[in-house]
Amino acid sequence: MAFKKRIRSNVSIESPIALFRDLRNRKVKGLLDHQSKMLEIYQKEFMNEDNIAMELPTGSGKVKSI
C-alpha cells in the first residue's frame, strides 16, 4: 500500500462560527445562543493566545443527542 500525501489548503477562516457553518457532515443544525456568544468572545479576546481553556457547565449544550 502506498502512502498518500496530504494536501494542505491555505484556507483562511474568518471566524470559529464560520468554521462551524462550513463543516460538511455535521449532524447539529446550529449553535445555541450561548455557544455562539462564547465563540465570539474567544475570537475577540483570546484567539491569538497560545493556551486557553474554556469551561462550560453541565447542561450547557456541549453534547447533543440525536
Side-chain angles (χ1 to χ4, degrees):
M1 179 193 309
F3 290 102
K4 293 183 180 180
K5 185 175 180 180
R6 290 188 180 186
I7 300 170
R8 293 185 183 206
S9 64
N10 294 330
V11 176
S12 176
I13 305 301
E14 68 182 61
S15 73
I17 295 172
L19 177 63
F20 177 81
R21 286 189 202 125
D22 288 343
L23 293 175
R24 294 180 185 179
N25 296 326
R26 65 185 163 105
K27 295 179 182 178
V28 178
K29 292 183 181 181
L31 294 169
L32 298 174
D33 188 44
H34 63 278
Q35 292 170 326
S36 60
K37 285 180 185 177
M38 180 74 109
L39 288 175
E40 287 172 3
I41 292 169
Y42 166 74
Q43 181 182 3
K44 289 178 185 174
E45 298 179 23
F46 303 106
M47 193 138 166
N48 295 319
E49 296 291 326
D50 290 336
N51 294 306
I52 185 168
M54 292 185 200
E55 179 181 345
L56 290 171
T58 303
S60 61
K62 297 182 292 291
V63 178
K64 179 173 173 112
S65 299
I66 297 175

Query - Where Ser36 and Ile17 come nearest, the two heavy atoms and their spacing - result: O-CD1, 3.7 Å

Query raised in the report: Backbone N or O of Phe46 within a donor-acceptor pair of the Glu49 side chain at under 3.5 Å?
Result: no

**Report entry** Separation of Leu31 CG from Phe20 CZ (nearest 0.5 Å)
**Finding:** 4.5 Å

Query - Value rounded to 0.5 Å, distance of OG in Ser15 from CD in Glu40 - result: 8.5 Å

Report task. For Glu14 and Gln43, work out which heavy atoms get closest and say how close. Result -> O-NE2, 3.1 Å

